[in-house]
Amino acid sequence: MRRTFITTILGWILVSHPAVAQEQRIEARLPSGMIVTAAYYGGKPSQPAVVILHGFLQTRDFPTVANLADALAEAGYPVLTPTLSLGISRRARSLPCEAVHTHTMDQDLAELAFWTQWLKNKGHKNIALIGHSFGSLQILEYLARKPDPAVRRALLLSLTDVELTQAAAMREKTVRMLRERIARGDRSLVETEFGHCRKYVSPAAAVLSYAAITRGSILRALSKATVPVEVIMGGKDDRMGRDWPDTLAAQGVSVSVIAGANHFFDNQYEFDLSDAVLQGLSDRGAGR
């Protein structure tokens, strides 16, 4: 168990780098017929391939993800940043909370598994998964469902404390209501408060696939992970409960806190984030 604190780097030493791999835009067809997209940097074959998963309703172009992908590609890592379809072929924009959401956690995880296999087909046999915000929860769910043996490590950025914005009792009431609707075959749309959304519109079964996640289920998933997992948090992340990093560390989770950073590690903290991730992906950290 460890909890480290990383402070802002005040300056950078300029060094020469080999040419960064060219970004490739990838399109692929799922068995369902859905067209999914990703960006891919080839990188060095000797380095672990990295999948970076964006937050809820966002895309691979979200700054936290895009900036980190650039930094890792510059360091020579093969990097893949998919955009989850959320039921929309070639989705290129984030979705508003008020849109009708029919996508489910199972569909998201199937796409994550698809991209992991895509990397294996490219010859990558050592894969690390990185998720930002809710993307971290999706990676945890994936790890709990017999992940591909090629996945060797996970880094969870701004791992969401789902019970901060909505008390556990209120979440239980919402989940009970959703289950009652499902039990009586009610397929009408419901409006619920979920995550950062004050008004999330979805069929009951679809939103329940996400809303059933609790603090307890997160901690259980972390304790059962079959690969090394590290959590990286911002010291000024106001989307987390104050006790969340300590709660994670008390479970034996490796937690690093970047002092001064918020939920998105923006402004100068993007450099601290890339340093922390590079450290986590190092030969020693990846257990290679």
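Annotation for Val79 and Ala73: closest pair CG2-N, 3.9 Å, computed over non-hydrogen atoms.
A salt bridge links Lys199 with Glu191: at least one charged nitrogen is closer than 4.0 Å to a carboxylate oxygen. Between Lys125 and Asp148 no salt bridge is recorded (no basic side-chain N to carboxylate O distance below 4.0 Å). One finds a salt bridge joining Asp106 and Arg145 here, because a Lys/Arg side-chain nitrogen approaches an Asp/Glu carboxylate oxygen to under 4.0 Å.
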Considering only distance and modelled atom types, tabulate donor-acceptor pairs under 3.5 Å from the side chains of residues 26-39, sequence neighbours left out.
{"from": "Glu27", "atom 1": "OE1", "to": "Arg90", "atom 2": "NE", "distance (Å)": "3.2"}
{"from": "Glu27", "atom 1": "OE1", "to": "Arg90", "atom 2": "NH2", "distance (Å)": "3.3"}
{"from": "Glu27", "atom 1": "OE2", "to": "Arg90", "atom 2": "NE", "distance (Å)": "3.0"}
{"from": "Arg29", "atom 1": "NH1", "to": "Gly33", "atom 2": "O", "distance (Å)": "3.2"}
{"from": "Ser32", "atom 1": "OG", "to": "Met34", "atom 2": "N", "distance (Å)": "3.3"}
{"from": "Thr37", "atom 1": "OG1", "to": "Arg60", "atom 2": "NH1", "distance (Å)": "2.9"}

Would Tyr210 and Asp108 count as a side-chain hydrogen bond (donor to acceptor under 3.5 Å, both in side chains) here? Give the steps. CA-CA 10 Å; Tyr210 301 110; Asp108 299 340; 2.6 Å; yes

Test Thr83 against His54 for side-chain hydrogen bond (donor to acceptor under 3.5 Å, both in side chains), laying out the working first. CA-CA 7 Å; Thr83 291; His54 56 75; 4.9 Å; no

Show the numbers, then the answer: is there a side-chain hydrogen bond (donor to acceptor under 3.5 Å, both in side chains) between Ser85 and Glu111? CA-CA 8 Å; Ser85 72; Glu111 291 185 24; 2.5 Å; yes

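Between Phe56 and Tyr200, the two ring planes are tilted [angle within 30° to 60°]. Using the six-membered ring where Trp is involved, Trp118 and Tyr40 have ring planes that are perpendicular, over 60° apart on the 30 and 60° scheme. Between His132 and Phe264, the ring planes are tilted. Angles from 30° to 60° get that label.
Between Phe194 and His101, the ring center distance fails the sub-6.0 Å criterion.
Trp244 places a side-chain N or O within donor-acceptor distance of the main-chain N or O of Leu159, the cut-off being under 3.5 Å.
Asp186 pairs by the salt bridge (Lys or Arg N to Asp or Glu O under 4.0 Å) definition with Arg181, Arg184, not counting sequence neighbours.
Tested against Leu157, the residues Ile52, Leu68, Val65, Val231 include a single side-chain contact (heavy atoms from CB on, under 4.5 Å) partner, Leu68.
Interatomic distance, Tyr41 OH to Leu72 CG, rounded to the nearest 0.5 Å: 10.0 Å.
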